[in-house]
Amino acid sequence: MAFSGKWELESQEGYDAFCKLVGIPDDIMQKGRDFKTVTEVVQNGNDFTWTQHYPSNAKVTNNFTIGKECDMQTIGGKNFKATVNMEGGKLTVSFPNYHQVNEVSGDKLIETSTAGTVVLKRISKKI
């Protein structure tokens with residue numbers, strides 16, 4: 001269960017450009033720029049609970065099973081249906097405006113979100 005645990009944001013690249021592209025308001029973007037987002041993952045086989053804690057005590061929790069369509073929510077509060085897949089040990093999912101790949105490498109959680117040519121790469125350490 002490589003993904004299970006708590007992860008704290010260590011570094012990120014492409015934050016401003018990505019947030020602007022997907023429509024995150026400037027005030028929210030400012031609050032999140034230096035915030036150490038904490039991601040909590042509970043993995044039980046193919047079943048996941050993925051929670052991200054953001055500034056101002058905001059959080060988003062998505063529950064999903066690999067390969068099955070589920071209801072998900074973006075940080076902006078938009079609900080959508082998606083299927084999370086596991087490809088080579090990496091979780092992949094398409095959000096309404098971008099595609100995300102999550103992987104564990106050593107004690108790091110690497111989240112890569114791509115919207116067109118804009119890429120947000122977030123690296124978190126296990127805590």
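The structure presented is a predicted model; accordingly, all values stated were derived computationally and were not measured.
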So, the side chain of [X] versus the backbone of [Y]: is there a donor-acceptor pair under 3.5 Å, distance only?
X	Y	answer
Gln43	Phe3	yes
Gln12	Arg33	yes
Tyr98	Leu21	no

Shortest non-hydrogen contact between [X] and [Y], atoms and distance:
X	Y	answer
Lys126	Ala2	NZ-O, 4.3 Å
Cys19	Met29	CB-SD, 3.3 Å
Glu69	Thr83	CA-OG1, 3.4 Å
Val42	Ser4	C-OG, 4.0 Å

Applying side chain to side chain donor-acceptor pair (under 3.5 Å), name anything that partners [X], two or more places apart in sequence or on another chain.
X	value
Ser105	none
Thr65	Asp47
Glu8	none

Check: [Y] and [X] side chains under 4.5 Å, non-hydrogen atoms:
X	Y	value
Asn102	Lys90	no
Trp50	Glu40	no
Asn62	Val60	yes
Val41	Trp7	yes
Leu120	Thr112	no

In terms of side-chain geometry, is the basic nitrogen of Asp107 or Lys125 positioned less than 4.0 Å from the acidic oxygen of its partner?
->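 Looking at Lys125 together with Asp107, the answer is no, because their closest N to O distance does not fall below 4.0 Å.
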Separation between [atom1] of [X] and [atom2] of [Y], rounded to the nearest 0.5 Å:
X	Y	atom1	atom2	value
Gln30	Asp26	CD	CG	8.5 Å
Ser124	Lys108	OG	NZ	9.0 Å
Gln73	Phe80	CD	CZ	9.0 Å
Met86	Ile66	CE	CD1	4.5 Å
Phe64	Asn85	CZ	CG	10.5 Å
Thr114	Lys121	OG1	NZ	10.5 Å

Under 3.5 Å, is there a donor-acceptor pair linking the side chains of Ser94 and His99?
->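 Side-chain D/A pair, Ser94 to His99: present.
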With respect to [X], which candidate in [options] satisfies the side chain to side chain contact (heavy atoms under 4.5 Å, CB included) definition?
X	options	result
Thr39	Glu111, His53, Lys6	Glu111
Glu103	Leu91, Thr92, Ile110, Leu109	Ile110
Val84	Lys68, Met72, Gln100	Met72

Linked, directly or transitively: Val93 and Val101 (ILVMFWY side chains, under 4.5 Å) |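 Hydrophobic grouping puts Val93 apart from Val101.
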Stepwise side chain to side chain contact (heavy atoms under 4.5 Å, CB included) check, Leu9 with Val38 = CA-CA 6 Å; Leu9 183 65; Val38 173; over 6 Å; no
